[in-house]
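One structure below.
All figures in this text were calculated on a predicted structure; none of them were measured in a lab. Residue numbering restarts at 1 for every chain, and letters A, B, ... go by the order of the sequence lines.
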Amino acid sequence: AQKITQTQPGMFVQEKEAVTLDCTYDTSDQSYGLFWYKQPSSGEMIFLIYQGSYDEQNATEGRYSLNFQKARKSANLVISASQLGDSAMYFCAMRELFSGGYNKLIFGAGTRLAVHP
Amino acid sequence: GAVVSQHPSRVICKSGTSVKIECRSLDFQATTMFWYRQFPKKSLMLMATSNEGSKATYEQGVEKDKFLINHASLTLSTLTVTSAHPEDSSFYICSASPRPLQQFFGPGTRLTVL
């Protein structure tokens, strides 16, 4: 069975500093995808970044980058130049392919990030 | 684009009543929609996968008679919590998938059962 592990229940970072949120995964599939979502206190899930298992380069989206180490089965999220608005819960997720071609998402436990001024 | 709405955003009901939550994809068609449940300070747990025109696929441990899902059109799925009890209080989030690899989430519905 597929599994996502986020070992950091909470992290804090100083404004303008970079922070890395850890995510490891377990799967026997050759083709898979990894996502990071941000959930502010309002509750909506905001898509941040996606990495496919066959992508040769690490994904980047603005201040977000994904440090993908396939052999280690890790997909850490790096947020550069943290802002106060980055304070939120962050979830790592993996897509699980099922019949019909659509994908379920399996979520990790989440990491609460607090950005301090 | 790719906006998903949920209604209501917040609902309080008495124990024993039924509550319906709507999930709509506003600017795209979604053959597949997903329903998640999230307890306070916990992760999202997939409850069921809703397919337009067919029966929903429930995850293990989710009572299908308790959580009724209907996906009547390509833009609307509904989750009905039947005979709600306080332990059903939770944050319910839907997502809509216009194509494989994409899921867009709704803003969530906070259900409180008194």
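Neither the backbone nor the side chain of Gln6(B) comes within less than 4.5 Å of any heavy atom of chain A. Only the side chain of Gln39(A) has a heavy atom closer than 4.5 Å to any heavy atom of chain B.
Taken to the nearest 0.5 Å, the CZ atom of Arg95(A) stands 11.0 Å off from the CD atom of Gln103(B).
Within residues 76-95 of chain B, the residues having any heavy atom less than 4.5 Å from a heavy atom of chain A are, in residue-number order, Phe91(B), Ile93(B). When the heavy atoms of residues 43-74 of chain A are compared with those of chain B, the residues falling under 4.5 Å are Gly43(A), Glu44(A), Met45(A), Tyr50(A), listed by number. Contacts between residues 15-26 of chain A and chain B, defined by a heavy-atom separation under 4.5 Å, are made by no residue at all.
In the hydrophobic clustering of this structure, Val13(A) groups with Trp36(A); members are Ile, Leu, Val, Met, Phe, Trp, Tyr whose side-chain heavy atoms approach within less than 4.5 Å, directly or through other members. Leu44(B) and Leu111(B) end up in different hydrophobic clusters when Ile, Leu, Val, Met, Phe, Trp and Tyr side chains are linked at under 4.5 Å. Both Met11(A) and Tyr90(A) sit in one connected hydrophobic cluster of ILVMFWY residues. Membership requires side-chain heavy atoms under 4.5 Å apart, directly or through other members. By the criterion of side-chain heavy atoms lying less than 4.5 angstrom apart, applied directly or through intervening Ile, Leu, Val, Met, Phe, Trp or Tyr residues, Leu46(B) is grouped together with Tyr37(A) in one hydrophobic cluster. Criterion: ILVMFWY side-chain heavy atoms under 4.5 Å apart, direct or through other members. Under it, Leu74(B) and Phe105(B) are not part of a common hydrophobic cluster.
Looking only at distances, no side-chain donor or acceptor of Ser43(B) sits under 3.5 Å from a matching main-chain atom of Gly110(A).
Taking 4.5 Å as the limit, some side-chain heavy atom of Leu105(A) sits within range of a side-chain heavy atom of Tyr36(B).
Other residues, nucleotides and ligands place no more than 12 heavy atoms under 6.0 Å from the NZ atom of Lys42(B).
Scored by the ring pair (Phe, Tyr, Trp, His ring centres under 6.0 Å) test, Phe91(A) finds no partners at all (sequence neighbours excluded).
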